[in-house]
Trainee: 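Have a look at this one.
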Amino acid sequence: MENSSKQWRFEGNKRLNSASAISVRGVLDLVIGNLSTDDLRPTIPLGNGDPSQFACFRTSTTAEEAIVDAVHSAKYNGYAPTVGVLSARRAIANYLNRDLPYKLSADDIYVTSGCLQAIEVALAAINRPGANILLPRPGFTFYESRAAYEHLQVRHFDLLPARGWEVDVDAIEALADDNTVAIVIINPGNPCGSVYSYDHLKMVAETARKLGILVIADEVYGHLTFGSAPFVPMGIFGSIVPVLSLGSISKRWVVPGWRLGWLVTSDPNGILQKSGIVESITGFLNISTDPATFIQGAIPQILENTKDDFFSKVIVTLKEAADKCFDGIREVPCLTCPKKPEGSMFVMVKLNVSLLEDISDDLDFCMKLAKEESVIIVPAEQLKELRLKVMDFDDHDSVLV
């Protein structure tokens, strides 16, 4: 029998606990834990951007056949290069070049395990002692989680609901100091469903240049737009300011489980190379995992051969869902939506709990909705306590994603 007085020298990593607390997954777990085991109705999962389980969002046959062909070729059973399979990197460059005024090469592309790993790489590469980063609020809380783990200080700038969730550009200069290294722009917006115009993104780029910081452009929902504004990639402004563009096939092809993403140095002036960021990106990838090699092998066929009618069908389906959601919200007295979503897979909704009985806050609302109706949504006011907030909401109001 082991002596109970024995003192062991190891313990859990508390940094991981604090970082994971600032996450959508952690809050979702709380909500999902309230599902009734006696309710035989299927759960309606609206808490994350993964509609792949619904038949209307099945990925293209081209993508499925590309995976099969890659496996049957037996060319992709081994380890991939650190930065990714060359044919995949070339295909990603060609795919992105369709929207850019200059040409990317394979050397500008780093293949990652989904867009989440691209975020990890970007934040690790720019980090240094005392550094801080500017993050949007509302925003995607994985940035807060990863920054906490990296000991990278976070400063939040507001997105303005009255202006279609645009960036409060005037506030950015006041937030930044000599230790600010980057600003994150999520477009199309998660969780607001916003789509930024060319002029607005150019203004952000010029502000970042003035401050001497780079832009991390999270474009995982790129081209998933269904309003009046088209998708404009931040890389268009790479000659104004260095841009790290993040993306994946997860959303546009509706295959988040395939875990194939990319980080791109959109920087025709070579500033990221001269500053050592490129070397840091490669250094991080040297000590981390790779996406499955056969998925990388399928990328050229997926990106080059997927037909426009597949994308059009996804857009039509998303628009129909957004219209129904927005119209339904307007019929509920306690719910209001500052801006109809025009992109991505999300909408921000204001909940007035003062109009409800036996509801204390938005987390309580979400947990009871899960228990009584088997519907899963995210309580953003709960995330506000984890360093997220929405400006111009009254104290008695909560926000839902």
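Quick caveat: nothing in here was measured; it's all calculated off a predicted structure. Only this structure's heavy atoms are used, side chains among them; waters, hydrogens and symmetry mates stay out.
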Trainee: Parallel, tilted or perpendicular for Phe10 and Trp8, by the 30°/60° rule?
Mentor: tilted
Trainee: Does the pair Asp29/Arg25 count as a salt bridge with the N-to-O cut at 4.0 Å?
Mentor: no
Trainee: Under the side-chain hydrogen bond (donor to acceptor under 3.5 Å, both in side chains) criterion, do Thr62 and Ser60 qualify, and how do the steps go?
Mentor: CA-CA 5 Å; Thr62 298; Ser60 70; 4.5 Å; no
Trainee: Residues two or more places apart in sequence or in another chain: which of them pass side chain to side chain donor-acceptor pair (under 3.5 Å) with Gln153?
Mentor: none
Trainee: Around atom CD of Glu206, are there more than 12 heavy atoms from other residues, nucleotides or ligands closer than 6.0 Å?
Mentor: yes
Trainee: Grab the two heavy atoms, one from Leu159 and one from Cys192, that are nearest each other, plus how far apart they are.
Mentor: CD1-SG, 4.3 Å
Trainee: Can you tell if the side chain of Val232 reaches within under 4.5 Å of the side chain of Tyr196, non-hydrogen atoms only?
Mentor: no
Trainee: Any side-chain donor-acceptor pair under 3.5 Å between Thr289 and Ser113?
Mentor: no
Trainee: Identify, with sequence neighbours excluded, every residue that meets side chain to side chain donor-acceptor pair (under 3.5 Å) alongside Arg330.
Mentor: Asp327
Trainee: From the options Asp358, Asp362, Asp361, select the one residue that forms a salt bridge (Lys or Arg N to Asp or Glu O under 4.0 Å) with Lys368.
Mentor: Asp358
Trainee: Tell me which pairs pass ring-ring contact (aromatic ring centres under 6.0 Å, His included) where either residue lies in residues 28-87, with sequence neighbours left out.
Mentor: none
Trainee: On a heavy-atom basis, which atom in Thr180 and which in Leu134 lie closest, and how many Å separate them?
Mentor: CG2-CG, 3.8 Å
Trainee: Decide, yes or no, whether a salt bridge links Asp309 with Lys307 under the criterion of side-chain N to carboxylate O below 4.0 Å.
Mentor: no
Trainee: Any chance CZ of Arg259 has more than 12 other-residue heavy atoms, nucleotides or ligands included, within less than 6.0 Å?
Mentor: yes
Trainee: Using the side chain to side chain contact (heavy atoms under 4.5 Å, CB included) rule, pick out the option among Val332, Leu335, Ile377, Thr336 that qualifies with Val349.
Mentor: Leu335
Trainee: Quick one: list whatever passes ring-ring contact (aromatic ring centres under 6.0 Å, His included) with Tyr110, sequence neighbours left out.
Mentor: none
Trainee: Does a sphere of radius 6.0 Å around CG in Asn286 hold more than 12 heavy atoms from other residues, nucleotides or ligands, not counting ones at 6.0 Å or beyond?
Mentor: yes
Trainee: Salt bridge (charged side-chain N to carboxylate O under 4.0 Å, His left out) with Asp107: which residues, sequence neighbours excluded?
Mentor: Arg89
Trainee: Determine whether a donor-acceptor pair (N or O, by modelled atom type, separation under 3.5 Å) exists between the side chain of Lys251 and the backbone of Gly49.
Mentor: yes
Trainee: Test Leu104 against every option in Ile92, Asn94, Asn97 by the side chain to side chain contact (heavy atoms under 4.5 Å, CB included) rule and name the one that passes.
Mentor: Asn97
Trainee: In the structure I gave you, are the side-chain heavy atoms of Arg90 and Pro300 within less than 4.5 Å of one another anywhere?
Mentor: no
Trainee: Could you tell me if the side chain of Ile213 sits less than 4.5 Å from the side chain of Val181, heavy atoms only?
Mentor: no
Trainee: Taking 4.0 angstrom as the limit, do Asp168 and Arg163 come out as a salt bridge?
Mentor: no
Trainee: Quickly, which of Val243, Ile183, Leu135, Ile126 forms a side chain to side chain contact (heavy atoms under 4.5 Å, CB included) with Ile216? Name it, please.
Mentor: Ile126
Trainee: Could you tell me whether a side-chain N or O of Ser344 sits under 3.5 Å from a main-chain N or O of Pro188, the two making a donor and an acceptor?
Mentor: no
Trainee: Under the side chain to side chain donor-acceptor pair (under 3.5 Å) rule, collect the residues that match up with Tyr149, sequence neighbours excluded.
Mentor: none
Trainee: I need the minimum non-hydrogen distance between Arg155 and Asp177, along with the two atoms involved.
Mentor: NH2-OD2, 2.7 Å
